[in-house]
Each structure stands twice: as structure tokens, then as C-alpha cells.
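Notes to accompany the following structure.
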Amino acid sequence: MVPLADKIRCAPTLIANVSRIRFALTTFCFGMIVVHAALYWVARSQILSGSPDFRIFYTAGRMLRSGEGHVLYADDVQKKIQREFAGAAVARGGPLPYNHPPFEVLLFLPLIYLPYLLAYGAWFLINLLLVAAGIYCVRSRLPTLICNFGLIAILAPLAFFPIAYALMQGQDSILLLALYSLAYMALRRKQDLHAGVWLGLGLFKFHLVLPFAFILLLRRRWLTLIGMFLIACVEGITSWLLVGGRELLIYPRFVWQVNRQQSPGVIVPANMPNLRGLFTGWSGMNPPPHWIEIGLILASVALLVWASRQWAPDRPTDLPNWDIGFSVCVFAAYLVGYHSYNQDMSVLLLPLLLALDRTLAGWTETSTVLKILLGLMFFSPLYLFLTLRLSHQNLFSIVLLCFAAYLAFSAKGQSRAWASTGREL
């Protein structure tokens, strides 16, 4: 039996000229997909040579299979393994460090038994399935998009540059999107413990989950935090069994050194569209002055506290404002993440689809500002221009901040309107 909350309630659309809007959005999405296909074509030789980030997972898996888990974070061993299957990429740009927690290697172990390119292709297909699974999971919260703009629901994820880039890089960001989608639905159903489990499973990208956990702490969602803690304990024990206590203790220092050294092509704050990039992604900031780092910490805490005040997770019946508040918190968690790149913005697809559904449901009433911001979020040439031409993708953080701020502002305006209507009645 399908839970009532999971049923899609399709209502006749109130949008005038729906066919024209559908055609315009379909054309736009196809245009962005063509841009992504062109990018894949241009980068095909680098993909075939093993340049994508997927090689760090393949490297870690091969080290674990060959019994070298106890030196998982040894630079020289990682470099030796990468030379075996991606020699041209290593010669051209150097090795890429595996800087993820040990437990994540288990996810990629089955792929290690395939040749590198076949493993890359298999992970590409798995990521496509994860995108579809994430959207299917939240379909009941996208009634207008699913019922009246079904093709857009399929095309929009592929038209979103961070998703396309994560697919090309073979990254794990799309898996985090699926887990955030499951956590979102669990929170909507008041299944806080389940939500904590899903978020805990996303701790392979702890820098994008722990900020959200801090918001949950501020909102006193104890069951969700307990679920995260239990899964984190399991992941910690698993990591210890895989690599040993010594290597597990080395891991935090290894991650910190990789971030402080800011190796070219590995750690580039100028191409991080988050607060770290906005504060430190400029010339002469390697390493950044202490006062800049202090300002970054204060700004990060302030953003999370502000975001937490926009969300009332204990009131899921207030559907529009609940979704807006959750979306603001996800944006804030990404912006505060210390190691957030284009592909990591994949997690923002969930709040963007929620905003898109709301926009399509009330097209004539929706502010032009929100439509422009949504357009910018999906406008792939802007990502490419900032990254390839200006080498300052960190400027995109301004768009993200404006989007989150506008969502919060619109929610407050909506609440005032409803309160005014209630007084009149």
C-alpha cells in the first residue's frame, strides 16, 4: 500500500500558455545538454587517459585488494598504483590523492575487477541510475513537474552542469544527492531516525553533511543526530578493520595537509563556489592570512545559524515553507563545506527541483527574480566561463548566496500574506 504522503496529487495546471512554457524549458534543457556533450567530446582524450577523479577510487580499491590498506594514505604508493593504469594522466598532471574516508573504498571494490575504462563506464551508468532514483524518491513533492512537465523532470538533471560534471569526473557527489533525497523524505514523514541513517551514510563527504548536522543540532533533532552517530560508529569500525588504527589516525592529518598545500589541480580555492573560495580564492592567499580564516569561520557559523532559523522541521504540515527552509539549509551546508567544487553542487539539485516545481505551479505569480536565479543555476556557459576563462568559479558562490537569501525572503513574505489573510477571515 502506497503511503498517502508518497502519492502524487496531480491537479489541473493553472499556468497560461503551458505548451509554450514547456517548449521553452525543453529547448533550454536540450541546449545545456548539448553543451555538456560538447564538453565531453573536447575532454575525451583526457577521460580515456584516466584524468577524471574516478581514478582515486580505483586506486584505493586496488590498494585494498592487494593488501596495501595499511598504507592507504601514502602518497608514493598511490602514485605507483595510478601509474599502472593512468600513466599518461599522472605524467601530465601528477597523481590525485585519495582523500576520502577508508570505509568508502568498499563501495568501489566490485569495480576493481574490471579494467579501468570499463569500471569508469560502469560507475557512470550507476550514477545515472542514482540520479533517477533520487528524483523518483521525491516525486510526490514535485507534482507539477511530474504531472505537467514530465520531460523536464527527466532533462533538468542532465541539464544541470554539476550533475554532468560529476558524471564526467566519476565522482561520488550524485550518491550524496540520492542520500539527501532519502533523508528529505524521511524528515517529511517524521522518521527522524531513518533520516539520520541516510545522512550518516553520506559521511564519505563529511564536509557537506556535518554542516547540515550542525543545523539539526540547533533545531534539536536528536533522533536524527543519533541515527547519524550510530552509522558513523559503524563506519569508523569498518575503516579501522580495513586500514588499521595507525592509518586511521593518519587520515585527518593527511586531509589537512592536502588542503593546506593547495596542490595545483587538486586544491584550488579559486574554483570553489563556496565561502572558502569567496574568502580565500584570490592571489596571495596561499596560505590565507589568519584574520581571513577567522572571518571565514565566523561567516560560516553565522550562515548556518541564520539558515537554521529559516527552517521549522517540527512543522512538516506547513509544506511550502518547510521545503523552502530545508532548501536554504542544504544551500548553507554546501556553502560552508570546506572542500566544495562544481560536482559537489549536485546535492543542490534537490532544492532546485523543489523551487522549480513551485515556480511552475504559480508561474504568473512567481517573481522574475526567482526565475532568473533558477536560470543562472542551470546556465552551463556561466559555469564554464567562470572556470575556464576567469579561473574564478568561486564567484558563483554569490549566485548561491542570492538564491538562498531570496528563498528565505519569499518564505517570510508568504507567511505574512497567509497571516494577513487569516486576520481578514
Side-chain angles (χ1 to χ4, degrees), residues 7-40 128 131-132 134-165 167 177 181 319-321 323-324 326-328 331 345-346 348-386 396 399-400 402-411 413-414 417-418 421:
K7 293 181 179 178
I8 304 175
R9 298 178 179 84
C10 297
T13 180
L14 301 177
I15 308 173
N17 301 319
V18 64
S19 298
R20 186 181 302 174
I21 296 171
R22 187 185 294 121
F23 175 77
L25 292 178
T26 302
T27 303
F28 177 84
C29 288
F30 270 120
M32 297 305 102
I33 293 172
V34 169
V35 171
H36 302 160
L39 178 63
Y40 284 15
L128 283 176
V131 173
I135 295 174
Y136 181 81
C137 174
V138 300
R139 67 195 185 283
S140 62
R141 299 300 308 135
L142 307 171
T144 302
L145 193 61
I146 297 298
C147 295
N148 301 310
F149 297 88
L151 184 58
I152 304 301
I154 297 173
L155 296 178
L158 301 177
F160 188 41
F161 180 80
I163 292 288
Y165 194 64
L167 287 168
L177 165 66
S181 299
L319 298 182
N321 281 359
D323 284 349
I324 291 173
F326 175 86
S327 298
V328 170
F331 266 81
M345 265 194 281
S346 298
L348 300 184
L349 179 66
L350 172 57
L352 287 176
L353 290 180
L354 293 173
L356 179 60
D357 186 83
R358 175 189 171 203
T359 299
L360 293 174
W363 184 265
T364 55
E365 293 81 15
T366 302
S367 166
T368 304
V369 175
L370 180 57
K371 295 174 184 175
I372 292 174
L373 289 171
L374 273 170
L376 289 175
M377 290 296 303
F378 281 92
F379 191 57
S380 300
L382 178 58
Y383 292 88
L384 295 172
F385 177 76
L386 292 176
F396 200 83
V399 177
L400 302 183
C402 290
F403 198 99
Y406 186 81
L407 285 179
F409 172 79
S410 64
Q414 191 175 60
W418 287 343
T421 302

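This is a predicted model, so every value here is computed, not measured. The analysis underlying the following values was restricted to heavy atoms, covering all of them including side chains, and did not include hydrogens, waters or symmetry mates.
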Between the CG atom in Leu407 and the SG atom in Cys402, the distance rounded to the nearest 0.5 Å is 11.0 Å
Phe149 versus Val18, closest heavy-atom pair with distance | CZ-CG2, 3.6 Å
Which distance, rounded to the nearest 0.5 Å, do you find between the CD1 of Ile152 and the CG of Leu25?
-> 5.0 Å
Pairing residues for Tyr165 by the side-chain hydrogen bond (donor to acceptor under 3.5 Å, both in side chains) criterion, not counting sequence neighbours | Gln169
Residues in side chain to side chain contact (heavy atoms under 4.5 Å, CB included) contact with Val399, at least two apart in sequence or another chain = Leu376, Met377, Phe396
Closest approach of Leu353 to Leu142 (non-hydrogen atoms, all atoms of both residues) | O-CD2, 3.4 Å
Run the side-chain donor-acceptor check on residues 153-164: report pairs under 3.5 Å with partners two or more places apart or on a different chain.
none

Does a side-chain heavy-atom distance below 4.5 Å link Arg358 with Ile324?
-> yes
Value rounded to 0.5 Å, distance of CG in Leu177 from CG in Leu349 = 5.5 Å
Thr366 meets the side-chain hydrogen bond (donor to acceptor under 3.5 Å, both in side chains) criterion, sequence neighbours left out, with none
Report the residues that fulfil side chain to side chain contact (heavy atoms under 4.5 Å, CB included) with Val369, sequence neighbours left out, ordered by chain and then residue number.
-> Ser367, Leu373, Tyr406
Phe28: what forms a side chain to side chain contact (heavy atoms under 4.5 Å, CB included) with it, not counting sequence neighbours?
-> Met32, Phe378, Phe379
